[in-house]
Amino acid sequence: QVQLVESGGGLVQAGGSLRLSCAASGSIFSINAMGWYRQAPGKQRELVASITSGASTNYADSVKGRFTISRDNARNTVYLEMNSLKPEDTASYYCNARGLSGSRGYYPELWGQGTLVTVSS
């Protein structure tokens, strides 16, 4: 079974840094795009950053210049380096994969279970 397993969340002071990781487990041939979304209490889930298999990236305006997304295609892993964190970055962060091909079939979209990031002021 293919799963997305996230790690790296936690509590950090404003101005600090965290690095999130998300690994796709299972027998995987390719993943078209991977990304990170976040959802704060009482708010809708929003895109934070995404990256294609060709390394094209897209960022939310609110994180440009502070967050960096990258991926290791050989390890089917995506990373989110978060710097200069602000209290408004506090949210559950969810890994997303689109267009995943594996030995068990094709998955149009998969989500991770989420990891909590809390930024204290």
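For clarity, every value in this text was computed on a predicted model and none was experimentally measured.
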Check the hydrophobic clustering (I, L, V, M, F, W, Y; side-chain heavy atoms under 4.5 Å; chains of links allowed) and say if V48 and Y94 are grouped together.
-> no
Closest approach of A14 to P87 (non-hydrogen atoms, all atoms of both residues) | CB-CD, 4.1 Å
What class does the angle between the rings of F67 and Y93 fall in, given that below 30° is parallel, 30 to 60° is tilted and above 60° is perpendicular?
-> tilted
Enter the distance from L4:CG to S25:OG here, rounded to the nearest 0.5 Å.
-> 7.5 Å
Answer yes if L110 and I69 sit in the same cluster of Ile, Leu, Val, Met, Phe, Trp and Tyr residues linked by side chain heavy atoms under 4.5 Å apart, and no otherwise.
-> yes
Any chance you could measure Q13, atom CD, to S121, atom OG, to the nearest 0.5 Å?
-> 9.5 Å
Give a yes or no on whether E109 atom CD has more than 12 heavy-atom contacts from other residues, nucleotides or ligands under 6.0 Å away.
-> yes
So which heavy atom on M34 is nearest to which on N76, and how close?
-> CE-O, 4.1 Å
Common cluster, Y79/V12, ILVMFWY with side-chain heavy-atom separation under 4.5 Å | no
Measuring from R71:CZ to S21:OG, what's the distance to the nearest 0.5 Å?
-> 14.0 Å
Donor-acceptor pair, E6 side chain versus Q113 backbone, under 3.5 Å?
-> yes
Closest non-hydrogen atom pair between Q1 and R104, with its separation | N-NE, 3.3 Å
Does C95 reach the side chain of W36, with side-chain heavy atoms less than 4.5 Å apart?
-> yes
Identify whether I51 and Y37 are in the same connected component of the hydrophobic contact network (ILVMFWY, side-chain heavy atoms under 4.5 Å).
-> no
Is the backbone N or O of V119 less than 3.5 Å from a side-chain atom of T90, with the two atoms forming a donor-acceptor pair by type?
-> yes
Measure the shortest side-chain to side-chain distance between R38 and L80 over non-hydrogen atoms and say whether it is less than 4.5 angstrom.
-> no
At their closest point, which heavy atom of A24 faces which heavy atom of L100, and how far apart are they?
-> CB-CD1, 4.5 Å
Are Y59 and V117 joined in one hydrophobic group, where the rule is that I, L, V, M, F, W and Y side chains link up if heavy atoms are under 4.5 Å apart?
-> yes
Is D61 paired with K64 through a side-chain N to carboxylate O contact shorter than 4.0 Å?
-> yes
Heavy-atom side-chain contact between N58 and L47 under 4.5 Å = yes
Is there a donor-acceptor pair closer than 3.5 Å between any side-chain N or O of N73 and the backbone N or O of S53?
-> yes
Can you tell me how far CZ of R19 sits from OG1 of T68, rounded to the nearest 0.5 angstrom?
-> 11.0 Å
Considering all heavy atoms, the nearest L20-M82 contact | CG-CE, 3.7 Å
Taking all atoms of both residues into account, what is the closest heavy-atom pair of A97 and I31, and its distance?
-> CB-CG2, 4.0 Å
